[in-house]
Amino acid sequence: MNYDITALMAFLAPCKTVEFLDELKLEIKNNSFNWEALLYQANLHLCTPLWYVQLKKDGLLELLPEDLAEYLYYMYELSLERHEQFRDALEEILHLFNEHAIETLLLKGAATFCDDLFAPGTRVMGDLDILVPPEKVALCQELIISLGYQPMHGEELTDNSMPSDIRQHHIARHVKVGTPIVVEIHFRI
């Protein structure tokens with residue numbers, strides 16, 4: 001496999017035939033892969049934890065260089081820990097929003113908590129995206145601030161919490177102080 005991204009996609013494919021797995025095993029044993037380049041692509045595309053899970057599921061992890069397998073495990077464990085923090089934060093926010101009868105729609109990564117498409121820790125999470133009715137944005141901001149969230153540096157709000165630029169679709173990102181949790185309250189898609 002000449003192209004690193006093509007090789008990475010081969011490893012990430014969710015359903016592999018026995019023949020395809022045998023081919024990957026043979027290529028691993030023949031040192032056909034540039035592991036540094038593959039790792040670079042996995043990190044670049046934020047799929048390193050998913051790569052680890054697929055390698056483990058396919059029985060390929062033990063064929064990798066030991067230092068790479070250890071690194072992938074470590075990155076997966078960090079992602080899993082972060083995933084759990086994001087899930088707990090989302091539950092806390094949604095509980096509070098439900099208490100105030102705020103209808104929500106989870107977008108992007110936040111929506112992965114609602115299905116089994118991604119195993120916990122496989123999807124790298126950067127923030128929680130929550131769509132709310134525009135008339136509830138100010139209340140949502142008050143509520144997340146009551147939970148310890150603050151506008152991110154450089155994104156402080158003015159007197160009007162709704163951006164005036166039509167291209168904007170969410171208010172300033174809020175971070176929960178002392179955590180990696182960032183929330184975007186969206187008012188349009």
Side-chain angles (χ1 to χ4, degrees), residues 1-94 104-131 152-153 167 169-170 173-176 178-184 186 189:
M1 293 186 186
N2 297 335
Y3 299 103
D4 301 320
I5 192 69
T6 303
L8 180 61
M9 289 187 303
F11 284 112
L12 296 178
C15 300
K16 300 174 190 75
T17 63
V18 173
E19 295 81 14
F20 190 70
L21 280 172
D22 288 342
E23 181 183 327
L24 284 174
K25 289 175 184 175
L26 183 61
E27 291 193 45
I28 292 171
K29 289 176 184 174
N30 290 335
N31 287 325
S32 299
F33 296 109
N34 179 339
W35 296 114
E36 286 183 17
L38 280 173
L39 180 59
Y40 173 78
Q41 288 296 327
N43 287 336
L44 180 67
H45 295 285
L46 303 177
C47 61
T48 307
L50 178 61
W51 188 26
Y52 169 80
V53 169
Q54 287 301 116
L55 287 165
K56 186 174 179 182
K57 181 186 98 176
D58 294 333
L60 301 173
L61 196 59
E62 58 272 3
L63 301 175
L64 269 59
E66 188 176 333
D67 57 342
L68 175 61
E70 286 177 16
Y71 175 82
L72 293 174
Y73 171 76
Y74 179 71
M75 294 303 291
Y76 170 74
E77 286 295 315
L78 288 175
S79 183
L80 183 59
E81 181 181 316
R82 184 177 175 96
H83 179 99
E84 291 168 357
Q85 290 175 317
F86 273 77
R87 184 198 62 228
D88 293 345
L90 182 62
E91 287 176 2
E92 179 183 46
I93 292 167
L94 292 179
T104 60
L105 180 64
L106 303 180
L107 305 174
K108 303 189 293 188
T112 63
F113 291 110
C114 301
D115 62 35
D116 295 327
L117 181 61
F118 289 93
T122 56
R123 188 180 193 286
V124 176
M125 305 267 312
D127 59 20
L128 296 170
D129 298 281
I130 305 171
L131 179 66
M152 290 185 71
H153 180 71
R167 296 172 293 181
H169 52 278
H170 61 80
R173 296 160 41 97
H174 285 65
V175 62
K176 189 162 192 178
T179 76
I181 310 302
V182 175
V183 176
E184 286 185 356
H186 292 250
I189 296 182

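This is a predicted model, so every value here is computed, not measured.
- Within 6.0 Å of atom CD in Glu62, more than 12 heavy atoms from other residues, nucleotides or ligands are found, so the atom counts as buried in its surroundings.
- To the nearest 0.5 Å, atom NE2 of residue His174 and atom CG of residue Asp127 are 13.0 Å apart.
- Note: Met125 CE to Leu90 CG = 7.5 Å, rounded to the nearest 0.5 Å.
- Residues forming a side-chain contact (heavy atoms from CB on, under 4.5 Å) with Leu63 (at least two apart in sequence, or on another chain): Lys25, Ile28, Lys29, Leu60.
- Residues Glu184 and His186 have side chains that bring a donor and an acceptor to within less than 3.5 angstrom of each other.
- Sequence neighbours left out, not one pair with a member in residues 66-78 passes salt bridge (Lys or Arg N to Asp or Glu O under 4.0 Å).
- Applying side chain to side chain contact (heavy atoms under 4.5 Å, CB included) to Ile130 and the options Leu107, Leu106, Leu105 leaves one that passes, Leu106.
- Taking 4.5 Å as the limit, every side-chain heavy atom of Leu46 sits out of range of all side-chain heavy atoms of Arg123.
- Side-chain contact between Gln85 and Ile181: present, with at least one pair of heavy atoms (C-beta onward) separated by less than 4.5 Å.
- The shortest distance between side-chain heavy atoms of Leu24 and Asp22 does not fall below 4.5 Å.
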Between His170 and Asp129, is the side chain to side chain contact (heavy atoms under 4.5 Å, CB included) condition met? List the steps. CA-CA 9 Å; His170 61 80; Asp129 298 281; 5.7 Å; no

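- For Asn43, the side-chain contact (heavy atoms from CB on, under 4.5 Å) partners at least two apart in sequence or on another chain are Leu39, Thr48, Tyr71.
- Residues passing the side-chain contact (heavy atoms from CB on, under 4.5 Å) test with Glu81, sequence neighbours excluded: none.
- When side chains are defined from C-beta on, Glu92 counts as touching Lys176, because their heavy atoms get closer than 4.5 Å.
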Under the side chain to side chain contact (heavy atoms under 4.5 Å, CB included) criterion, do Arg82 and Leu78 qualify, and how do the steps go? CA-CA 6 Å; Arg82 184 177 175 96; Leu78 288 175; over 6 Å; no

For a quick test of your reading: what N or O donor-acceptor pairs under 3.5 Å do the side chains of residues 49-58 make, sequence neighbours left out?
residue : atom : partner : partner atom : Å
Gln54   : NE2  : Ala13   : O            : 3.1
Lys57   : NZ   : Pro14   : O            : 2.6
Asp58   : OD2  : Lys16   : NZ           : 2.4

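- By the side-chain contact (heavy atoms from CB on, under 4.5 Å) test, Asn31 pairs with no residue at all, sequence neighbours left out.
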